[in-house]
Amino acid sequence: MARIAGVNIPTQKRVVIALQYIHGIGPRLAKEVCEKAGIPEQRRVNQLTDAEVLQIRETIDRDYVVEGDLRRDVAMNIKRLMDLGCYRGLRHRRGLPVRGQRTHTNARTRKGKARPIAGKKKATA
């Protein structure tokens, strides 16, 4: 089991797919890392040598912000918006959608489970 950026990546998958298990690396960056490290995309993780794993690890550490650092940066950006008191910060603080989505009927993911309103009559058919 190869460990890169503090994440155990699956051994049976192709390198490009396995790298996407690291927070902050998607399909595009995974291909980019493979090109920089000089590893063919068809190669499986269990076929990699220790030198190649080290090459991938160094490439990611040198060129990309991933895992803990990325999560910390995102959290700090959200905290900054909340401290400023701007519109986006207020939406984060209230747990509502930030990017202009409608909330009248949807947004259950952000708002949580629907709470019943006291005294409201149920519609009868």
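- L70 and G24 get closest at one heavy-atom pair: CD2-CA, 3.4 Å.
- In this structure K36 satisfies the salt bridge (charged side-chain N to carboxylate O under 4.0 Å, His left out) test together with D63, sequence neighbours excluded.
- In this structure, the side chains of R110 and H92 come closer than 4.5 Å at one or more pairs of heavy atoms.
- Using a 4.5 Å heavy-atom cutoff, the side chains of R93 and L90 are in contact.
- Here the OG1-CD1 distance, from T49 to I39, works out to 7.5 Å after rounding to the nearest 0.5 Å.
- The shortest side-chain heavy-atom distance between I9 and R3 does not fall under the 4.5 Å cut-off.
- Remark: the backbone N or O of V98 is not paired with any side-chain donor or acceptor of R88 at under 3.5 angstrom.
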Candidate pair M82 and N77, rule side chain to side chain contact (heavy atoms under 4.5 Å, CB included), full reasoning: CA-CA 9 Å; M82 287 166 49; N77 289 340; over 6 Å; no

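- Across A18 and P10, no two heavy atoms sit closer than the pair CB-O, 3.8 Å.
- Rounding to the nearest 0.5 Å gives a distance of 10.5 Å between NE2 of H23 and CG of D69.
- Taking the side chain as every heavy atom from C-beta outward, N106 and Q101 never approach each other to under 4.5 Å.
- R80 has no carboxylate O lying under 4.0 Å from a charged side-chain N of D83, or vice versa, which leaves the two without a salt bridge.
- Electrostatic pairing of K31 and E35 does not count as a salt bridge here, judged by no charged N lying under 4.0 Å from a carboxylate O.
- Here L54 contributes atom CG and E52 contributes atom CD; the two are 11.0 Å apart, rounded to the nearest 0.5 Å.
- Hydrophobic clustering of Ile, Leu, Val, Met, Phe, Trp and Tyr side chains at less than 4.5 Å, counting indirect connections, unites L48 with I25.
- Atom CZ of R72 and atom NZ of K79 lie 14.5 Å apart (nearest 0.5 Å).
- Minimum interatomic distance between E67 and A5 (heavy atoms only, all atoms of both residues): CG-O, 3.4 Å.
- Two residues are said to be in side-chain contact when any heavy atoms from C-beta on lie closer than 4.5 Å; R14 and Q42 meet this criterion.
- With hydrophobic clusters built from ILVMFWY side chains whose heavy atoms lie under 4.5 angstrom apart, V33 shares a cluster with V7.
- D50 pairs by the side chain to side chain donor-acceptor pair (under 3.5 Å) definition with nothing, not counting sequence neighbours.
- Remark: D73 engages no residue in a side chain to side chain donor-acceptor pair (under 3.5 Å) (not counting sequence neighbours).
- Atoms CG and NZ, on L96 and K111 in that order, are 6.5 Å from each other to the nearest 0.5 Å.
- V53 is connected to Y64 through a chain of hydrophobic side-chain contacts under 4.5 Å among Ile, Leu, Val, Met, Phe, Trp and Tyr, so both are in one cluster.
- Two residues are said to be in side-chain contact when any heavy atoms from C-beta on lie closer than 4.5 Å; K113 and R108 fail this criterion.
- The shortest distance between side-chain heavy atoms of C34 and L19 falls below 4.5 Å.
- Annotation: the span from M76 atom CE to L81 atom CG amounts to 11.5 Å, rounded to 0.5 Å.
- Residue-environment remark: OH (Y21) stays at or below the threshold of 12 foreign heavy atoms within 6.0 Å.
- The two residues V45 and A2 make their nearest non-hydrogen contact at CG1-CB, 4.0 Å.
- Under the 4.5 Å side-chain heavy-atom criterion for ILVMFWY residues, a single connected hydrophobic cluster contains both I4 and L29.
- Residues P27 and Q20 approach most closely at CA-NE2, 3.5 Å, considering heavy atoms.
- In this structure, V15 and I56 have side chains that are in contact, with non-hydrogen atoms separated by less than 4.5 Å.
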